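Please read the structure below before turning to the comments.
Since we're looking at a predicted model, the values are computed, not measured.
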Amino acid sequence: MRDQIDMTPALLDYVRDVSLREDTVLRELREDTAALPAAIMQILPEEAQFLALLIRLTSTRDILEIGTFTGYSTLAMARALSPGGKVVTCDVSEEWTAMARRAWQRADMTDRIDLRLGDATATLETLLTERGPASFDLVFIDADKAHYPHYYEQSLALTRPGGLIVLDNTLWSGRVVDPTAQDADTQGVREVNDVLLKDERVDVSMLPMADGVTLARKR
């Protein structure tokens, strides 16, 4: 069996050259985000395009995103929505989401995006009260890793049967297999990975792309 290919910078450039369809607003937002001190939090463009494809394949209308940052993934998903659909996206940063809002406005997508600022756990509880359980078709989790296990449980309650939960950074730059890495974020990723493997409520597949992407379909 052949191992996974090493993704060198040259090979990643090739992948983007032959497959990435990134419009001007998305490209400029990605470039502007790359100049930030926290740029490492930016989703890779090919992963955002993969999310958009999943949304189109499943005719998704209602999306929950946990972790907005500068809004690149939000915009990519909003563009892929079925008519009348909406992305509810959660974050704590006024600064980063102000950058996101400007991009969404330039892309004429503000009517498809509902930004909720505040603690994500509290926001998800509010959404459960407002909308009720099983009210989202797809949930994308890409926030603080220490709380991943809790976000996953809350997301499962909010996802309809047959809906999809997508978790980003589930390989966490390889720290998940580093025995010396015992910080809260790494432990959170390990814990949610262990839960997903054993969770009979979902069908699951981890993809060794980007920084690890796990798909969990609610049964």
Side-chain angles (χ1 to χ4, degrees), residues 1 4 41 43-44 47-48 50-69 73-74 76-77 80 85 87-92 116 119-179 181-219:
M1 183 187 302
Q4 293 289 328
M41 294 168 56
I43 187 175
L44 294 181
E47 183 183 351
F50 174 66
L51 284 172
L53 180 60
L54 288 176
I55 291 163
R56 290 189 172 101
L57 283 170
T58 55
S59 300
T60 288
R61 287 173 53 89
D62 294 294
I63 297 173
L64 171 61
E65 179 181 46
I66 306 169
T68 311
F69 192 35
S73 53
T74 320
M77 292 190 293
V87 181
V88 178
T89 185
C90 316
D91 208 283
V92 294
R116 306 288 184 103
D119 175 76
T121 298
T123 298
L124 298 183
E125 289 298 328
T126 299
L127 288 170
L128 191 59
T129 301
E130 286 180 1
R131 302 176 61 124
S135 54
F136 288 95
D137 303 311
L138 184 145
V139 180
F140 180 48
I141 304 176
D142 185 19
D144 56 300
K145 312 311 169 192
H147 290 94
Y148 260 35
H150 193 64
Y151 294 152
Y152 170 66
E153 288 297 332
Q154 289 182 295
S155 297
L156 200 60
L158 285 161
T159 304
R160 65 167 176 82
L164 192 64
I165 300 172
V166 183
L167 300 94
D168 198 18
N169 305 114
T170 49
L171 293 178
W172 199 222
S173 299
R175 289 194 287 276
V176 288
V177 295
D178 180 357
Q182 298 297 325
D183 58 280
D185 286 332
T186 304
Q187 295 281 43
V189 175
R190 287 184 186 130
E191 182 180 339
V192 81
N193 288 343
D194 289 343
V195 167
L196 283 160
L197 175 63
K198 301 166 187 172
D199 195 345
E200 296 296 330
R201 298 170 296 177
V202 296
D203 303 305
V204 65
S205 180
M206 179 186 285
L207 307 179
M209 68 171 290
D211 191 29
V213 179
T214 298
L215 310 180
R217 175 189 175 273
K218 184 175 178 179
R219 292 178 173 173

Query - Validation row: Gln154, Glu125 side chains within 4.5 angstrom (heavy atoms) - result: yes
Query raised in the report: Can any side-chain N or O of Thr126 pair as donor or acceptor with the backbone N or O of Ala122 at less than 3.5 Å?
Result: yes
Query raised in the report: Is the backbone of Ser173 close enough, under 3.5 Å, to the side chain of Asp211 for a donor and an acceptor to pair up by distance?
Result: yes
**Report entry** Any donor-acceptor pair under 3.5 Å from Thr170 side chain to Gly212 backbone
**Finding:** yes
Query raised in the report: Do side-chain atoms of Asp91 reach the backbone of Gly67 as a donor and acceptor pair under 3.5 angstrom?
Result: no
Query raised in the report: Does one side chain, of Tyr151 or Asp144, offer a donor that lies under 3.5 Å from an acceptor on the other?
Result: yes
Report task. Of all the heavy-atom pairs spanning Asp178 and Arg190, show the shortest one and how long it is. Result -> O-NH2, 2.7 Å
Report summary line: Between Thr186 and Arg175 the two heavy atoms that sit nearest each other are CG2-O, 3.5 Å
Query raised in the report: Counting N and O atoms only, with roles assigned by atom type, does the side chain of Glu65 sit under 3.5 Å from a partner on the main chain of Val87, one being a donor and the other an acceptor?
Result: no
Query raised in the report: Considering only heavy atoms from C-beta outward, does the side chain of Lys218 approach that of Arg201 to under 4.5 Å?
Result: no
Query raised in the report: Regarding Thr68 and Thr74, is there a side-chain donor-to-acceptor distance under 3.5 Å anywhere?
Result: no
Query raised in the report: Are Arg217 and Val202 close enough that some pair of their side-chain heavy atoms sits under 4.5 Å apart?
Result: no
Report summary line: Distance col, row Leu158:CG vs Leu138:CG, nearest 0.5 angstrom, shows 12.5 Å
Query raised in the report: Does Val166 reach the side chain of Phe50, with side-chain heavy atoms less than 4.5 Å apart?
Result: no
Query raised in the report: Which value, rounded to the nearest 0.5 Å, describes the distance between Met206 atom CE and Asn193 atom CG?
Result: 4.0 Å
Report summary line: In terms of heavy-atom contacts, Lys145 and Asn169 come closest through NZ-OD1, 2.8 Å
Query raised in the report: Charged N to carboxylate O under 4.0 angstrom, Arg131 versus Asp62?
Result: yes
Requested in this report: Take Leu215 and Leu164, measure what side chain to side chain contact (heavy atoms under 4.5 Å, CB included) needs, and give me the verdict at the end.
Outcome: CA-CA 7 Å; Leu215 310 180; Leu164 192 64; 4.2 Å; yes
**Report entry** Phe140 vs Leu54 side-chain heavy atoms within contact, under 4.5 Å
**Finding:** no
Query raised in the report: Is there a side-chain contact between Thr214 and Val192, using heavy atoms and a 4.5 Å cut-off?
Result: no
Requested in this report: Could you tell me which non-hydrogen atom of Ala216 sits nearest to which non-hydrogen atom of Leu196, and how far apart they are?
Outcome: CB-CD2, 3.9 Å
Query raised in the report: Taking all atoms of both residues into account, what is the closest heavy-atom pair of Leu64 and Leu124, and its distance?
Result: CD2-CD2, 3.6 Å
Report summary line: From the list Ile66, Asp168, Val195, side-chain contact (heavy atoms from CB on, under 4.5 Å) with Tyr148 holds only for Asp168
Query - From OG (Ser73) to CG (Leu44), nearest 0.5 Å - result: 11.5 Å
Query raised in the report: Does the Arg61 side chain pair with the main chain of Asp137, one donor and one acceptor, at a distance under 3.5 Å?
Result: no
Query raised in the report: Side-chain contact, heavy-atom cut-off 4.5 Å: Leu127 with Val88?
Result: yes
Report task. Calculate, to the nearest 0.5 Å, the distance between atoms CG and SG belonging to Asp142 and Cys90 respectively. Result -> 12.0 Å
Requested in this report: Determine whether Asp199 and Leu156 make a side-chain contact, defined as any pair of heavy atoms from C-beta on separated by less than 4.5 Å.
Outcome: yes
Query raised in the report: Taking all non-hydrogen atoms of both residues, which atom of Ala80 and which atom of Ala52 are closest, and how far apart?
Result: CB-O, 3.5 Å
Query raised in the report: Could you walk me through whether Ile55 and Ile63 pass the side chain to side chain contact (heavy atoms under 4.5 Å, CB included) check?
Result: CA-CA 9 Å; Ile55 291 163; Ile63 297 173; 3.4 Å; yes
